[in-house]
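Take a look at the structure set out below.
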Amino acid sequence: MRLSTMTLLCAGALLASVARAEGAPTVVDAAALADESNGANWLAFGRTWSEQRYSPLQEINAGNVKDLGLAWSLDLPEHRSLLATPLVVDGVMYFTGSWSRIEAVDLRTRRKLWTYDPKVLEVAGDRARVFWDSNRGAAFWKGRLFVGTGDGRLIAVDASTGKEVWSAQTTDPKLPLFINGAPKVFRDKVLIGNGGTEVGAARGYVTAYDTETGKQAWRFHVVPGNPSDGFENKAMEMAAKTWTGQWWKHGGGGQTWHGMTYDAEFNRVYIGTGNGSPWNRRIRSPDGGDNLFLCSIVALDADTGEYQWHYQTVPGETWDYNSNMDIVLADLEIEGKPVKALMHAPKNGFFYVIDRTSGKLLSADKLGKITWASHVDMKTGRPVERPGARYEDGEELIYPSAFGLHNWHAMSYNKDTGLTYFPTMELPGWFSDDGIDAATWTHTDFQLDTAVRFTKGDEVPVKMDASSLLAWDPVKGTKVWEVKLPGLWNPGTLTSAGNLVFQGRTDGRFVAYDAANGKALWEFETGLGISAPPVTYEVDGRQFVSLLVGWGGAGTSFGGVVTAQHGWAYREHPRRLLTFALGERAALPPSPPPRIPTPLVKEDFKVDPMLVDQGENLYVRNCTFCHGGSAVSGGYAPDLRASPVPLYLDGFHEVVVEGSRAAQGMPGFRELTREDLVALQHYLRRQATLGANAKL
Ligand code: CA
């Protein structure tokens with residue numbers, strides 16, 4: 001059975017290459033998505049189904065990359081944060097941007113063909129507060145594009161016209177669930193999950209829809225619901241044995257907001273699942289338990305969604321160490337034997353290699369400083385936790401932080417060097433649940449509350465040299481080279497047969513490295529912090545590299561002071577699509593220089609410390625997502641310390657409570673009272689003074 005599928009795939013690839021030679025349009029189907037050898041297009045989020053982000057193209061290579069230059073650029077003023085991996089099919093690029101919009105760009109005329117706007121802000125209204133404007137990409141299958149929207153829809157769009165074909169609501173619109181991840185397609189089905197673990201009592205799931213009709217094909221829940229309602233399947237019954245207390249009242253979590261990979265060889269999907277809701281296991285599952293299938297790779301039958309196997313990276317998770325990161329498939333040779341491997345570097349700091357035939361763990365190696373666990377016991381496959389790491393004895397400083405040692409930023413794998421390439425962040429976080437009453441704690445929907453404190457006042461224990469680009473050998477379990485990177489939240493990578501690794505940086509530089517040794521061979525100043533991974537492809541037989549430049553994503557806001565250091569002031573620096581080729585020397589239109597916002601100090605405003613505390617609590621729950629940790633904007637949304645709006649209560653009320661700027665993406669927070677706004681005013685003025693005195 002397996003052999004015949006493989007034969008069919010190979011025959012399909014052969015037919016596809018014949019079709020290409022005759023100039024026939026590419027049909028993006030199973031054969032095309034399994035074909036690693038065709039570098040002309042970039043057909044899927046991870047280029048092909050393996051998600052290796054490895055291009056076989058070598059016109060641009062380590063020997064000549066010094067001659068790479070800007071071929072053209074396209075300004076994108078209607079977008080703010082650009083995180084997406086663009087897709088390229090036969091000379092047309094498709095990418096998602098702010099508010100889940102899709103843009104189609106003709107790579108020959110270098111002009112937009114169409115824009116699809118799902119009108120997310122109109123549909124979501126005040127619910128926009130939980131997702132802001134991020135989107136990481138679309139999927140392509142047989143002439144259609146698929147995009148998940150911030151408000152929880154999955155939409156099919158005709159790739160030639162940009163017209164909507166169908167739309168399916170994948171979430172309950174009353175719940176604080178959102179989509180910012182890329183759907184994945186396989187065998188006439190399209191799979192999507194959602195986010196929302198931190199902003200309500202949420203139960204994670206993924207859903208597959210028919211690509212033709214938009215009808216639901218299957219749904220798999222990540223965590224069990226209330227046993228008295230009956231279990232959806234045997235897997236949920238098994239999972240329920242690993243939970244205690246009344247977990248369903250808290251939702252349980254496990255949102256699958258990013259990593260999902262289709263495996264054509266086994267006709268499976270692997271989903272990387274989220275952390276618990278709330279983070280704190282003492283509240284979520286008070287008598288302990290592993291809490292399946294949180295923080296796991298779960299293998300599901302692609303046709304039915306039936307459970308096949310799982311590997312849990314963090315049993316009984318309690319630090320936001322989700323396993324939502326990329327899942328990359330490759331044939332490796334381990335101890336002289338060929339292995340159908342799955343590679344995964346989740347937040348918790350370990351790099352996992354799993355035999356995907358069976359789900360057996362082959363290795364789990366530390367990528368950097370980790371203090372929550374000493375190692376993974378290879379006999380049991382379980383991490384060996386360090387006493388105190390569950391902050392059971394009070395406040396603990398733990399590596400990694402809730403940002404994760406690696407987050408969603410793309411990992412690439414180069415079969416020629418045998419290395420994986422991805423950015424890391426080696427920094428600790430404070431964890432404590434002192435003062436949080438397990439008996440009375442409840443979720444407040446649409447507000448950030450994790451039942452754990454994960455910062456310590458304004459002390460953000462962040463080293464400025466915490467970030468790296470890592471070249472990691474998945475077979476030896478060792479670091480081969482490392483390049484120090486600025487700030488936090490550096491984006492993902494692309495690798496190629498030209499012995500190259502490309503990566504943007506938070507300081508706005510776009511760099512090409514020698515894939516074997518990490519030597520920087522080329523760089524380009526883009527004029528704005530980069531948050532998206534690059535892609536490469538051919539147009540009329542010539543190789544190009546493209547990159548979206550548009551600072552954004554949760555890390556840029558939560559990072560506060562650390563991400564603010566670059567001076568990417570909100571809306572000041574042009575958002576762009578940049579395209580590079582050998583021998584080109586186009587000039588980038590000028591961008592304003594970096595600018596650090598100046599906090600407004602109001603000398604006559606008498607700050608009341610009690611109100612500051614109340615205001616801080618409100619700020620963390622409602623405003624941090626976009627406006628930044630400690631009220632320091634990382635450039636993702638306006639810096640409220642520098643804004644005159646909070647100075648005047650009536651105007652502040654109009655914007656914050658009534659939502660007068662909803663069309664610009666600032667939803668109404670209608671439950672906030674006049675007293676709440678006053679408390680926020682006190683907190684913001686205190687933070688402004690600290691900032692003006694360079695104490696933030
Ligand atoms: Ca999380």
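Counting starts at 1 for both ligands and their atoms, following the listed order. Predicted, not measured: the structure shown is a model, and the values here were computed from it.
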Ring pair (Phe, Tyr, Trp, His ring centres under 6.0 Å) partner of His250, the single match among Trp279, Trp441, Trp243: Trp441
Member of Phe422, Phe403, Trp489, Tyr421 meeting the ring pair (Phe, Tyr, Trp, His ring centres under 6.0 Å) criterion with His409: Trp489
On the ring face of Phe45, is Arg53 found with NZ or CZ under 6.0 Å from the centre and within 45° of the axis? yes
Tell me whether the NZ or CZ atom of Lys347 lies within the 45° cone about the ring axis of Tyr321 and under 6.0 Å from its centre. no
Please check if the side chain of Trp49 supplies one atom and the backbone of Val185 the other of a donor-acceptor pair under 3.5 Å. yes
Between Trp408 and His258, what is the ring plane arrangement, given parallel below 30°, perpendicular above 60°, and tilted in between? tilted
Excluding water, the protein N, O or S atoms sitting under 3.0 Å from the Ca ion (ligand 1) are Glu198 OE2, Asn275 OD1, Asp320 OD1
